[in-house]
Enquirer: 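Just passing along the structure, written as structure tokens.
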Amino acid sequence: MLWSKAFIPTLKEVPAEAEMISHQLMLRAGLVRQLTAGVYEYLPLGWKVMLKVMKIVREEMDKAGAQEIYLPALCPAEIWQESGRWESFGDEMFRLKDRKKREYALCPTHEEVITDLARAQRFSYRDLPQNWYQMQVKFRDEPRPRAGVIRVRHFTMKDAYSMDRDQNGLDQSYLSMREAYKKIFARCGLKYFIVGASSGLMGGSGSQEFMVPSPSGEDTCAVCEACGYAANIQIASSKLQAPKYQDLPLLEVSTPEKRTVEEVSQFLKVPASQLMKSLLYMADGQPVFILVRGDDEANEDKLQKAIGNATFRPATPEEVLKHTGANVGFISPVGVKGVRIIADHLLKDATGLVSGACKDHFHYQGISVNRDLKIDEYADIRTIKDGEPCPECGKPLGLTQAIELGHIFKLGLKYSQALNANFTDEDGTQKPLVMGSYGIGIDRIAACVIEQSHDKDGIIWPAAVAPYQVLITLLGDPSSEAGRLALKIHDDLIQAGFDVLLDDRPERPGFKFKDADLTGIPVRINVGEKGLREGMVEIRQRKDGQVSKVRPEEIKLKLQELTAAQIWPGR
RNA sequence: CGGGGUGUGGCGCAGUUGGUAGCGCGCUUGCUUUGGGAGCAAGAAGCCCCCAGUUCGAGUCUGGGCACCCCGACCA
């Protein structure tokens, strides 16, 4: 490819809207352009990177025995209604009507479509397992797109779905996907880690996420350096012990205008951990008290699990008043009848606590959980904090921000039961397929590679996902001796199977060098009069600036030498 | 959805007490230059986000909308 003919709109200045480095560099290097909030156009260089990533994903998925398919993005509402996600996906899902007023979704994921496809097939156990994948656009109406290509409303995902005969089969399918994912991320040159995760809207029995550490990551993960425990904060637990307080008789005290934990603990001169935070939630229309220690935060992902399948939300101030007789800031389950109570494990057997008196401007002191309350169940519903003891080994946990690149789920029977996707087992009975679902954000891989591999001058592509492997920078006129040589090298290298870009633009050397560094192509060959006087060209590596001078006929050899040290796209 | 910010040539920005728009980069042409974003000269390019209002006159003031960005809420 000749740069003079290419559409690579590099930018000298940083566009105002870009905050994250990967976002800035993707714009400046001419990889992408934004069309509207959360919707990006991939320009030639950016799309080449996407194709490289997809090639790696495809190779590893195929090696793992998965089969590539291609499903529609447009999908009738009915199958989403069957699974129940027409409701539960909520505003996150783009919806539209056709001319006959029939309802459709633009798919945010494809479990329903896959399950529908699988049920029509009426599999025998002999056909299982199956694993189908696709790389395709997904739509999500994100409330707030951000961070360039990281959180968007229109993105490319690799999603795979396994169908097995039983749990054991699912475990194996899941493991093989996990291994494939490790290879994919390693080949992309990414440093990543795996955490236990919440299944959220997807449902199912277990899931893990592939994470890339980044200060701008949207997920928080707890990681134990000592034993390797790693979990998304959504599910992370710890061995933290609650402090004990003296058991005292129940006492109502006046706490005028003291509503928050901070206000009450200061006013009564007790530590926040001695308070009991009483939160009222509504689960399927019924009130539920959620109790955690005053210095803890309730964790909604854990709450969802504790509450069960119900849809739940914090109660409104009006509902709080209705069910407790007091306003927010002065409530607790003490003395309230007929409301389900879920308490955090750390409150078990606790005594001497402070919480609301269900009377405005009053709190109780000396609450004893066993004496004054009837707790319906104890569960882990608190969010852990940095430095708490690891649940496995007791060493301190560290919290890290991270970007989610991949998520693998054991779905189990959720979709096959809902949509009646059965197979005939050996004994002739109909059984639901045991399913798994496995996603990778392709756009995010590209962004995360840049996030992890750049310097002040621009991107430093790992060879495996670089848009071009070699950039020839011509210093001089195309009609000069150097120009003819540069073109010959370009043609020869393409012949030899390299992906080559020749910068033949009539620009000054400095200008071209800056663009070369910005776009981050791993190897640059400088061809100019200066070198040619000694009969040499320069080969320079983007990652460390290392330069070697070689004769033109030695270029291929030198590139192969560099090749051996890196992973080049296979051919 | 709450809070904050910004909308002015392709990009980054300035625009005073209201008087009809400017700078840098980029782009075009010419000359000179040519190993880390060159110099000079001449050009082209703007419904000043939209709609109403105030005013003799609005990029600027008032009201209402919209878009985009950031923080939070939310989020396979």
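Values below: all heavy atoms of this structure, side chains included; hydrogens, waters and symmetry mates excluded. Residue numbers start from 1 in every chain, and the chains themselves are labelled A, B, ... in the order their sequence lines are given, proteins ahead of strands.
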Enquirer: Describe the nucleic acid contact of A:Phe155 in one word from base, sugar-phosphate, nothing, applying a heavy-atom distance below 4.0 Å.
Expert: base
Enquirer: More 5' along RNA chain B: A:Glu404 or A:Gln34, using each one's nearest nucleotide?
Expert: A:Gln34
Enquirer: Side chains of A:Asn327 and A:Val320, heavy atoms from C-beta outward: is any pair under 4.5 Å?
Expert: no
Enquirer: Can you tell me if A:His23 and A:Tyr40 form a side-chain donor-acceptor pair at under 3.5 Å?
Expert: yes
Enquirer: Choosing from B:rG37, B:rG72, B:rG35, which nucleotide comes nearest the side chain of A:Arg146?
Expert: B:rG72
Enquirer: What does B:rC1 pair with, Watson-Crick or G-U, if both distances are under 3.5 Å?
Expert: B:rG72
Enquirer: Quantified in whole Å, what is the C1' atom distance between nucleotide B:rC66 and nucleotide B:rG24?
Expert: 30 Å
Enquirer: B:rG36 base to A:Arg540 side chain: any donor-acceptor pair below 3.5 Å?
Expert: yes
Enquirer: Measuring only between side-chain heavy atoms, which start at C-beta, is A:Met61 closer than 4.5 Å to A:Met177?
Expert: yes
Enquirer: Please give the distance between the C1' atoms of B:rG3 and B:rG63 as a whole number of Å.
Expert: 22 Å
Enquirer: Taking B:rC69 as the reference, what is the distance to B:rG30 when you measure between their P atoms (whole Å, please)?
Expert: 41 Å
Enquirer: Within 45° of the ring axis of A:Trp86 and under 6.0 Å from its six-membered ring centre, is that where the NZ or CZ of A:Arg95 lies?
Expert: yes
Enquirer: Taking only the side-chain heavy atoms of A:Asn526 (C-beta and beyond), determine which of B:rG35, B:rG36, B:rG37 contains the nearest atom.
Expert: B:rG35
Enquirer: State whether the distance check finds a donor on one side and an acceptor on the other, under 3.5 Å, for side chain A:Asp515 versus base B:rG37.
Expert: yes
Enquirer: With rounding to whole Å, what would you report as the distance between B:rC49 and B:rC11 at their P atoms?
Expert: 13 Å
Enquirer: Between A:Gln234 and B:rC75, does any side-chain N or O lie under 4.0 Å from OP1 or OP2?
Expert: no
Enquirer: Using atom C1' in both nucleotides, what's the gap between B:rA44 and B:rA38 to the nearest angstrom?
Expert: 22 Å
Enquirer: Which nucleotide wins on minimum distance to the side chain of A:Ala37, given the candidates B:rA73, B:rG12, B:rC68?
Expert: B:rC68
Enquirer: Looking for any heavy atom pair under 4.0 Å, which part of the strands does A:Arg28 touch: base, sugar-phosphate only, or nothing?
Expert: base
Enquirer: Taking all non-hydrogen atoms of both residues into account, name the closest pair between A:Thr156 and A:Asp443 and its distance.
Expert: N-OD1, 2.7 Å
Enquirer: In whole Å, what separates the C1' atom of B:rA41 from that of B:rC50?
Expert: 41 Å
Enquirer: Find which nucleotide of RNA chain B each of A:Lys512 and A:Glu13 is nearest to by heavy atoms, and output the residue with the more 5' nucleotide.
Expert: A:Glu13
Enquirer: Nearest to the side chain of A:Lys514, heavy atoms from C-beta on, is which of B:rG35, B:rA38, B:rG37?
Expert: B:rG37
Enquirer: What string of B, S and - do you get for nucleotides 42-47 of chain B 5' to 3' if you count protein non-hydrogen atoms under 4.0 Å?
Expert: ------
Enquirer: Roughly how far apart, to the nearest Å, are B:rG26 and B:rG39 at atom P?
Expert: 8 Å
Enquirer: Can you tell which of B:rG36, B:rA38, B:rG26 lies closest to the side chain of A:Arg524?
Expert: B:rG36
Enquirer: Please give the distance between the C1' atoms of B:rC47 and B:rG59 as a whole number of Å.
Expert: 13 Å
Enquirer: As a test of reading the structure: which of B:rG35, B:rC75, B:rG24 is closest to the side chain of A:Lys530, going by heavy atoms?
Expert: B:rG35
Enquirer: Within the 4.5 Å heavy-atom criterion, are A:Val449 and A:Trp461 side-chain neighbours or not?
Expert: yes
Enquirer: Quick check: A:Tyr161 with A:Tyr133 (ring centres under 6.0 Å apart)?
Expert: no
Enquirer: Looking only at side-chain N and O atoms, does A:Arg144 come under 4.0 Å of OP1 or OP2 in B:rC70?
Expert: yes
Enquirer: Just so I know, are the side chains of A:Leu117 and A:Trp132 near enough to count as touching, which here means a heavy-atom distance under 4.5 Å?
Expert: yes
Enquirer: Can you tell which of B:rG12, B:rC74, B:rC25 lies closest to the side chain of A:Pro15?
Expert: B:rG12
Enquirer: State whether A:Thr36 places a side-chain N or O below 4.0 Å from either non-bridging phosphate oxygen (OP1 or OP2) of B:rA67.
Expert: no
